[in-house]
J.: 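For reference, the structure I am asking about is given below.
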Amino acid sequence: MKKTMLTGLKPTGNLTLGNYIGSIKQMVDNQDKYESYLFVADMHAITVPNDREELHKNIRDFIALYLACGIDPEKNIIYLQSDIEYIPSISWLLECNTYYGELSRMIQFKEKSKKHANFSAGLLTYPVLMASDILVVDADYVPVGIDQKQHVELTRDIASRFNKKYGETFVIPEPVITTVGTKIMDLVDPTKKMSKTEENPKGVIGLLDDINVARKKIMSATTDSEMCVKFDMENKPGISNLINIYSSLSGESISDIEEKFVNSNYGEFKRCVADRVCEFLTGVQERYKNIIESGKLQEVLDDGANKVRKIANKKYEDMRIKIGLYR
Ligand code: AMP
């Protein structure tokens, strides 16, 4: 039987070419390997203040873009966290089996609470909501960045404690530290990662960027004065980043690209990179539009919600009975 993998997406900022190359592309390549659950962690997004319209738009855009980038709803169960009403109920049952000391020791809580004079209680308790996301679907694996590893470890502690106290209820999940496929750098400052929450849009290619704007961003990307298309991340980070982008989108190796552009100036090379990027974005944006306009997005989310609601209901009832919460 296939192992179960759960991936959560936090709908903040605008998905970028970096998200596609470093993460979504790998998920697409691996989607046959696991029984995959993919959800938008919209309830996690509200631990800090949010704009209502923007949050709603991001939720839809995230799912539609993942689908447009090749995530197959036949191979992944895709759902919205807030559609599954049992998740916060389960979270409460887990919270009552979690210690305040454990939550207040979480590094992310300590860092984020320091930044704000007044923060929500949700900022403290959200790792338990995360535990509930993971445990409800009996996930074996949870791919996370290093910053979230501690939360999966807490999930393991909470699950083991519950199993010991009330009898076998949860699969103990394992964190899988995500290795970035290829790290895509900011086009203006190629020494820092291209980020979906970057303030200066000039260095970032958004998956929904206007095609002409995206082309201009590539054409004005920071390079160097050498005029030689050669991969050298340390001394030529700008050109190396463009080579990485070209390689990821075309499937051509770095050495083949260096050879192909050996006699080209930077303008010619950038035009070819821009052509690749624009061709990719055009395809993604056409599929994105179709997914939204055809009603496919709602269909996928309805289907995912129906499936996960059944699983979550069963888990919740099992927990209630084990705890003694029944008539
Ligand atoms: P974030 O956008 O930081 O929430 O990250 C979501 C996923 O996309 C993670 O797996 C990141 O490693 C990946 N990712 C984000 N930005 C980049 C980038 N510039 N290059 C490669 N991978 C990225």
Side-chain angles (χ1 to χ4, degrees), residues 1-11 15 19-42 44 62-84 86-87 90-91 94 127 129-146 148-149 151-160 162-163 167-182 251 287 291 296-297 299-319:
M1 214 171 83
K2 279 186 190 171
K3 293 278 190 184
T4 301
M5 170 97 100
L6 173 79
T7 307
L9 317 168
K10 198 164 150 192
L15 285 171
N19 288 118
Y20 173 73
I21 292 174
S23 168
I24 306 174
K25 190 167 177 283
Q26 292 185 77
M27 285 173 67
V28 172
D29 293 344
N30 287 329
Q31 59 187 337
D32 287 316
K33 283 194 193 151
Y34 302 98
E35 164 92 11
S36 295
Y37 289 87
L38 179 65
F39 74 102
V40 176
D42 56 345
H44 286 289
F62 267 57
I63 294 288
L65 281 171
Y66 269 74
L67 295 173
C69 286
I71 292 290
D72 182 348
E74 300 291 322
K75 296 178 181 167
N76 300 268
I77 298 175
I78 301 169
Y79 58 102
L80 188 59
Q81 184 188 31
S82 66
D83 267 342
I84 318 296
Y86 299 105
I87 289 179
I90 290 173
S91 187
L94 295 177
L129 184 62
M130 181 167 159
S132 162
D133 295 327
I134 297 169
L135 299 176
V136 76
V137 296
D138 285 329
D140 295 295
Y141 300 123
V142 187
V144 281
I146 195 79
Q148 289 290 331
K149 183 165 177 262
H151 295 161
V152 182
E153 278 159 2
L154 176 71
T155 301
R156 290 168 62 88
D157 291 344
I158 299 172
S160 304
F162 196 99
N163 284 350
E168 262 333 281
T169 310
F170 300 119
V171 167
I172 309 295
E174 271 178 51
V176 179
I177 302 304
T178 41
T179 44
V180 174
T182 303
R287 290 190 292 278
I291 286 160
K296 179 81 183 164
L297 179 68
E299 198 185 297
V300 167
L301 289 176
D302 282 346
D303 187 45
N306 288 337
K307 285 183 181 144
V308 178
R309 204 176 276 129
K310 275 195 199 115
I311 298 169
N313 183 9
K314 212 165 144 214
K315 195 65 101 182
Y316 178 59
E317 291 305 325
D318 182 29
M319 290 173 77

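All of these numbers come straight from a predicted model, not from anything done at the bench. Scope of the values below: all heavy atoms of this structure, side chains included, with no hydrogens, waters or symmetry mates.
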J.: Please enumerate all residues that pass salt bridge (charged side-chain N to carboxylate O under 4.0 Å, His left out) together with K75, with sequence neighbours excluded.
T.: D32

J.: Applying side-chain contact (heavy atoms from CB on, under 4.5 Å), run through S160 and I172 and close with a yes or a no.
T.: CA-CA 7 Å; S160 304; I172 309 295; 3.5 Å; yes

J.: Enter the distance from D133:CG to Q81:CD here, rounded to the nearest 0.5 Å.
T.: 4.5 Å

J.: Can you sort out the partners of K307 under salt bridge (charged side-chain N to carboxylate O under 4.0 Å, His left out), two or more places apart, ordered by chain and number?
T.: D303

J.: Is the side chain of Q148 donor-acceptor paired with the backbone N or O of P175 at a distance under 3.5 Å, no angle test?
T.: no

J.: Looking only at heavy atoms, which two atoms of L6 and A139 are closest? And how far apart?
T.: CB-CB, 3.8 Å

J.: To the nearest 0.5 angstrom, please state how far the CG atom of L15 sits from the CZ atom of F62.
T.: 4.0 Å

J.: If you take all heavy atoms of R156 and P173, which pair is closest and at what distance?
T.: NH1-O, 2.7 Å

J.: How far does CD1 of I177 sit from CD1 of I146, to the nearest 0.5 angstrom?
T.: 4.5 Å

J.: Could you tell me how the ring of F39 sits relative to the ring of Y79: parallel (under 30°), tilted (30 to 60°) or perpendicular (over 60°)?
T.: parallel

J.: Would you compute the distance between atom CD1 of I78 and atom CG of L38 and round it to the nearest 0.5 angstrom?
T.: 5.5 Å

J.: Quick one: pull up CZ in F170 and CD1 in I158 and give me the separation to the nearest 0.5 Å.
T.: 9.5 Å

J.: List in chain and number order the residues that pass salt bridge (charged side-chain N to carboxylate O under 4.0 Å, His left out) with D29, two or more places apart in sequence or in another chain; answer none if no residue qualifies.
T.: none

J.: Determine, step by step, whether V176 and V142 satisfy the side-chain contact (heavy atoms from CB on, under 4.5 Å) criterion, reporting the C-alpha distance in whole Å, the side-chain angles of both residues, the deciding distance to 0.1 Å, and the verdict.
T.: CA-CA 6 Å; V176 179; V142 187; over 6 Å; no

J.: Flag the pair L94 / M319 as yes when at least one side-chain heavy-atom distance between them is below 4.5 Å, and no otherwise.
T.: yes

J.: Are the side chain of S82 and the backbone N or O of L80 linked by a donor-acceptor pair below 3.5 Å?
T.: no

J.: Go through the steps to decide whether Y141 and E174 satisfy the test side-chain contact (heavy atoms from CB on, under 4.5 Å), and finish with yes or no.
T.: CA-CA 5 Å; Y141 300 123; E174 271 178 51; 4.0 Å; yes

J.: Using the side-chain contact (heavy atoms from CB on, under 4.5 Å) rule, take Y37 and I311 through it: C-alpha gap first, then chi angles, then the decisive distance, then the call.
T.: CA-CA 12 Å; Y37 289 87; I311 298 169; 3.4 Å; yes

J.: In chain order, what residues pass the side chain to side chain donor-acceptor pair (under 3.5 Å) check against E153, with sequence neighbours excluded?
T.: K149

J.: A312 and I90: which non-hydrogen atoms are nearest, and at how many Å?
T.: O-CD1, 3.9 Å

J.: Where do A68 and R287 come nearest, in terms of heavy atoms and distance?
T.: O-NE, 2.8 Å

J.: Is T155 reaching over with its side chain to a backbone N or O of H151, donor-acceptor style, under 3.5 angstrom?
T.: yes

J.: For I24 and C69, which heavy atoms make the closest approach, and how far apart are they?
T.: CG2-CB, 3.7 Å

J.: Just by distance, do the side chain of N76 and the backbone of D72 share a donor-acceptor pair under 3.5 Å?
T.: yes

J.: Can a donor-acceptor pair be found, under 3.5 Å and without considering hydrogens, that links the side chain of R309 to the backbone of Y86?
T.: no

J.: What are the two closest heavy atoms between L135 and A159, and how far apart are they?
T.: CD2-CB, 3.7 Å

J.: Would you check if P73 and L67 make a side-chain contact, meaning some heavy-atom pair closer than 4.5 Å?
T.: yes

J.: In Å and rounded to the nearest 0.5 Å, what is the CD1 to CG distance from I84 to N306?
T.: 8.5 Å

J.: For D138, give me all partners under salt bridge (charged side-chain N to carboxylate O under 4.0 Å, His left out), at least two apart in sequence or on another chain.
T.: K315

J.: Under the rule for side chain to side chain donor-acceptor pair (under 3.5 Å), what residues qualify as partners of E35, not counting sequence neighbours?
T.: none

J.: Is there a side-chain contact between Y34 and K2 (heavy atoms, below 4.5 Å)?
T.: no

